[in-house]
2 protein chains.
Amino acid sequence: MKEDRRIQRSRDALHQALVALVLEKGYEAVTIKDIVERANVGRSTFYAHYKSKEDLLTNGLAELRALLTAHQQAALAEEGDVGQRCLGFSLALFEHAQSFRDIYRVLVGERGSAIVMNRMRALLADLVSQDLAAIAPAANDGQIPRSALIQFVVGALMSVLAWWMDRKSRLSPAEVDTIFRRLTIPAIVAAFDGPISNIDSNAER
Amino acid sequence: MKEDRRIQRSRDALHQALVALVLEKGYEAVTIKDIVERANVGRSTFYAHYKSKEDLLTNGLAELRALLTAHQQAALAEEGDVGQRCLGFSLALFEHAQSFRDIYRVLVGERGSAIVMNRMRALLADLVSQDLAAIAPAANDGQIPRSALIQFVVGALMSVLAWWMDRKSRLSPAEVDTIFRRLTIPAIVAAFDGPISNIDSNAER
DNA sequence: GCAGTTATCGGACACGATGACTGATAATTT
DNA sequence: AAATTATCAGTCATCGTGTCCGATAACTGC
């Protein structure tokens with residue numbers, strides 16, 4: 001027995017309505033009344049499926065998570081030197097972001113909410129954490145706590161992503177990815193290296 | 001004629017109540033009723049001073065802005081090589097954050113609000129922008145847009161700050177600052193350098 | 001197709017937060 | 001001491017939330 005078609009239609013409509021409305025007014029300002037009116041479903045129907053506005057959001061994020069982890073696994077499986085495999089999912093992320101620009105602006109951009117962004121942050125932190133674990137399994141980081149490095153990378157990633165989304169820059173996903181990697185990889189390398197006394201003389205290994 | 005002492009008392013009480021409540025429940029969950037009850041202030045009094053919850057918040061942020069810009073100006077005025085002047089305000093920021101841990105957890109941490117964090121982000125972006133302008137006045141960045149670099153640094157800074165605040169890590173401001181700089185400075189250097197083909201051979205200048 | 005299941009609808013309800021308004025009271029300033 | 005004015009308590013209309021119900025429609029499995 002498949003899932004009732006009515007259920008799919010309602011859920012889809014609600015998800016789409018949420019995204020559209022958050023882009024217009026911001027997450028906090030969106031009311032459930034707004035959502036059900038935009039989705040053209042009855043009020044009770046909403047509560048039949050989701051407990052609250054946040055519940056609806058959480059549900060929508062599940063798909064994204066699955067998609068990104070799949071991309072990451074694929075990237076990790078491929079061959080290449082550390083500089084290529086490290087953060088291997090970033091290009092896929094930027095490409096995915098371009099395809100679903102609207103959703104991503106809600107996830108990382110100015111119009112997002114603390115709740116949404118925290119969810120996204122946690123999701124990316126998982127990815128980065130696994131990625132770093134695959135690159136440098138041991139924990140002999142050069143005095144820099146692993147968790148700090150993870151948060152650093154996630155923050156940088158979300159910032160670059162938000163920067164790209166909010167401005168109308170015509171950069172391609174590959175170009176943005178290049179920017180991100182050129183900035184981030186040196187930081188990761190520096191984290192794994194020993195102490196650095198000066199900037200001008202870096203990476204003598 | 002100075003400002004009425006009753007006004008100061010009311011405003012102070014409201015500010016303190018807001019900070020305390022946000023730390024307990026998160027910004028969104030705090031109601032005006034909560035605030036006036038905690039502050040022991042009449043409901044109408046709140047509306048006599050502030051238009052809304054956000055208005056109260058904005059008012060509180062003004063002081064912080066003044067304090068941080070002052071710190072930055074002082075740091076920029078001092079002498080030293082690029083590695084020292086660059087992001088010279090960061091240590092002051094971390095020290096300030098330790099002194100006002102409660103407030104900063106609202107500003108950058110998990111319990112903060114999108115509104116507050118966006119304000120904080122804009123504030124830091126101004127500081128970083130001026131800082132980078134002082135270091136590298138021209139705009140011949142190595143293919144990396146200046147605005148992207150600014151957002152990158154701000155995101156990294158807020159992430160490290162949030163990481164430090166949210167965990168109970170006993171690190172001193174100086175230690176956190178070292179972590180932040182060791183990660184960020186290489187990224188900035190890489191941004192100003194020419195194209196890099198590989199990670200292992202970077203900074204050949 | 002038909003019968004049984006079930007999602008949806010729309011209305012009603014209680015509840016809590018908001019923001020504005022009032023007159024009386026108390027504190028402060030000059 | 002007198003004039004000013006911030007504060008208080010209370011009231012009011014409005015809005016969003018979350019829940020419940022019966023009636024109606026749509027869907028599924030046979």
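Convention: sequence-line order gives letters A, B, ...; per-chain numbering from 1. Just so you know, these numbers come straight off a predicted model, no measurement behind them.
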A.B. asks: Can a side chain N or O of B/Thr45 be found less than 4.0 Å away from OP1 or OP2 on D/dA6?
C.D. replies: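 B/Thr45 to D/dA6 OP1/OP2: no side-chain N or O under 4.0 Å.
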A.B. asks: How would you list, by chain and number, every residue that makes a side chain to side chain contact (heavy atoms under 4.5 Å, CB included) with A/Glu24, sequence neighbours excluded?
C.D. replies: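 Expected list: A/Leu21, A/Arg38.
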A.B. asks: Considering only heavy atoms from C-beta outward, does the side chain of B/Asp55 approach that of B/Ser52 to under 4.5 Å?
C.D. replies: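 Yes. Closest side-chain heavy atoms under 4.5 Å.
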A.B. asks: Apply side-chain hydrogen bond (donor to acceptor under 3.5 Å, both in side chains) to A/Gln98 and list each qualifying residue two or more places apart in sequence or on a separate chain.
C.D. replies: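 If we apply the side-chain hydrogen bond (donor to acceptor under 3.5 Å, both in side chains) test to A/Gln98, skipping adjacent residues, there are no hits.
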A.B. asks: Take atom CD of B/Glu54 and atom C1' of C/dG19, then tell me their distance rounded to the nearest Å.
C.D. replies: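 Answer to the nearest Å: 16 Å.
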A.B. asks: Who are the side-chain hydrogen bond (donor to acceptor under 3.5 Å, both in side chains) partners of B/Asp177, not counting sequence neighbours?
C.D. replies: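 B/Asp177 satisfies side-chain hydrogen bond (donor to acceptor under 3.5 Å, both in side chains) with B/Ser90 once adjacent residues are dropped.
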A.B. asks: Can you tell me the distance, in whole Å, between the CD atom of B/Glu28 and the C1' atom of D/dG16?
C.D. replies: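 B/Glu28 atom CD is separated from D/dG16 atom C1' by 16 Å.
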A.B. asks: Short of 4.0 Å, heavy atom to strand atom, which residues of residues 12-21 of chain B count as contacting DNA chain C?
C.D. replies: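 The stretch gives none, as no residue of it lies under 4.0 Å from the strand.
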A.B. asks: Within this structure, what is the NE2-to-C1' distance between A/His49 and C/dC9, rounded to whole angstrom?
C.D. replies: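 After rounding, the gap between these two atoms is 12 Å.
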A.B. asks: If I take atom CD1 in residue A/Ile35 and atom C1' in nucleotide D/dT17, what distance separates them, rounded to the nearest angstrom?
C.D. replies: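 Between C1' of D/dT17 and CD1 of A/Ile35: 12 Å.
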A.B. asks: Nearest whole Å is fine: how far is D/dG18 P from A/Asp55 CG?
C.D. replies: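 It works out to 11 Å between those atoms.
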A.B. asks: With rounding to the nearest 0.5 angstrom, report the CZ to CG distance, B/Arg9 to B/Asp12.
C.D. replies: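 Result: 9.5 Å between the selected atoms.
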A.B. asks: Quantified as the angle between the terminal helix axes (five pairs each), what is the overall bend of the helix from C/dG1-D/dC30 to C/dT30-D/dA1 to 10 degrees?
C.D. replies: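 Between the first-five-pair axis and the last-five-pair axis there is 50°.
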A.B. asks: Round to a whole Å and report the spacing from CZ of B/Phe46 to C1' of D/dA6.
C.D. replies: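 My rounded result for the distance is 16 Å.
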A.B. asks: B/Arg6: which residues meet the side-chain hydrogen bond (donor to acceptor under 3.5 Å, both in side chains) condition with it, sequence neighbours left out?
C.D. replies: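 Scan of B/Arg6 (side-chain hydrogen bond (donor to acceptor under 3.5 Å, both in side chains), adjacent residues dropped) gives B/Asp4.
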A.B. asks: If we ignore hydrogens and angles and just use 3.5 Å, is the side chain of B/Arg182 paired with the main-chain N or O of A/Ala190 as donor and acceptor?
C.D. replies: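 Looks like no, no N/O pair under 3.5 Å.
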A.B. asks: Under the side chain to side chain contact (heavy atoms under 4.5 Å, CB included) criterion, do B/Tyr27 and B/Leu57 qualify, and how do the steps go?
C.D. replies: CA-CA 10 Å; B/Tyr27 177 81; B/Leu57 177 70; 3.9 Å; yes
A.B. asks: Decide yes or no for B/Leu61 and B/Thr58: does some side-chain heavy atom of the first lie under 4.5 Å from some side-chain heavy atom of the second?
C.D. replies: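 No - every pair of side-chain heavy atoms lies 4.5 Å or more apart.
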A.B. asks: Can you list the residues that meet the side chain to side chain contact (heavy atoms under 4.5 Å, CB included) rule with B/Glu37, with sequence neighbours excluded?
C.D. replies: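 Per chain and number, B/Glu37 pairs via side chain to side chain contact (heavy atoms under 4.5 Å, CB included) with B/Lys33.
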A.B. asks: Show me the donor-acceptor pairs, under 3.5 Å and distance only, between side chains in residues 153-160 of chain B and residues at least two apart or in other chains.
C.D. replies:
unit_1: B/Ser159; atom_1: OG; unit_2: A/Arg121; atom_2: NH1; d: 3.4
unit_1: B/Ser159; atom_1: OG; unit_2: A/Gln151; atom_2: O; d: 3.4
unit_1: B/Ser159; atom_1: OG; unit_2: B/Gly155; atom_2: O; d: 2.9

A.B. asks: Could you list the protein-to-nucleotides 14-18 of chain C atom pairs, N/O on both sides, closer than 3.5 Å?
C.D. replies:
unit_1: C/dT18; atom_1: OP1; unit_2: B/Ile32; atom_2: N; d: 3.4
unit_1: C/dT18; atom_1: OP2; unit_2: B/Ile32; atom_2: N; d: 3.0

A.B. asks: Are A/Val128 and A/Phe152 side-chain neighbours, meaning at least one heavy-atom pair lies under 4.5 Å?
C.D. replies: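 No, their side chains stay 4.5 Å or more apart.
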A.B. asks: Applying ring-ring contact (aromatic ring centres under 6.0 Å, His included), can you list everything that pairs with B/His96, at least two apart in sequence or on another chain?
C.D. replies: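 So B/His96 forms a ring-ring contact (aromatic ring centres under 6.0 Å, His included) with B/Phe100, B/Tyr104.
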A.B. asks: Just jot down the side-chain hydrogen bond (donor to acceptor under 3.5 Å, both in side chains) partners of A/Arg65, sequence neighbours excluded, or say none.
C.D. replies: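 Testing A/Arg65 for side-chain hydrogen bond (donor to acceptor under 3.5 Å, both in side chains), a comparison that skips the adjacent residues, returns A/Asp126.
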A.B. asks: What is the separation between atom CD on B/Glu37 and atom C1' on D/dA9, rounded to the nearest whole Å?
C.D. replies: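 Roughly 13 Å, once rounded to whole Å.
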A.B. asks: Measure CD/B/Gln8 against P/D/dT7 and give the value in whole Å, please.
C.D. replies: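 Between P of D/dT7 and CD of B/Gln8: 11 Å.
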A.B. asks: If you restrict it to nitrogen or oxygen atoms, what contacts under 3.5 Å exist between nucleotides 20-27 of chain D and the protein, and what is each distance?
C.D. replies:
unit_1: D/dA26; atom_1: N3; unit_2: A/Arg6; atom_2: NH1; d: 3.0

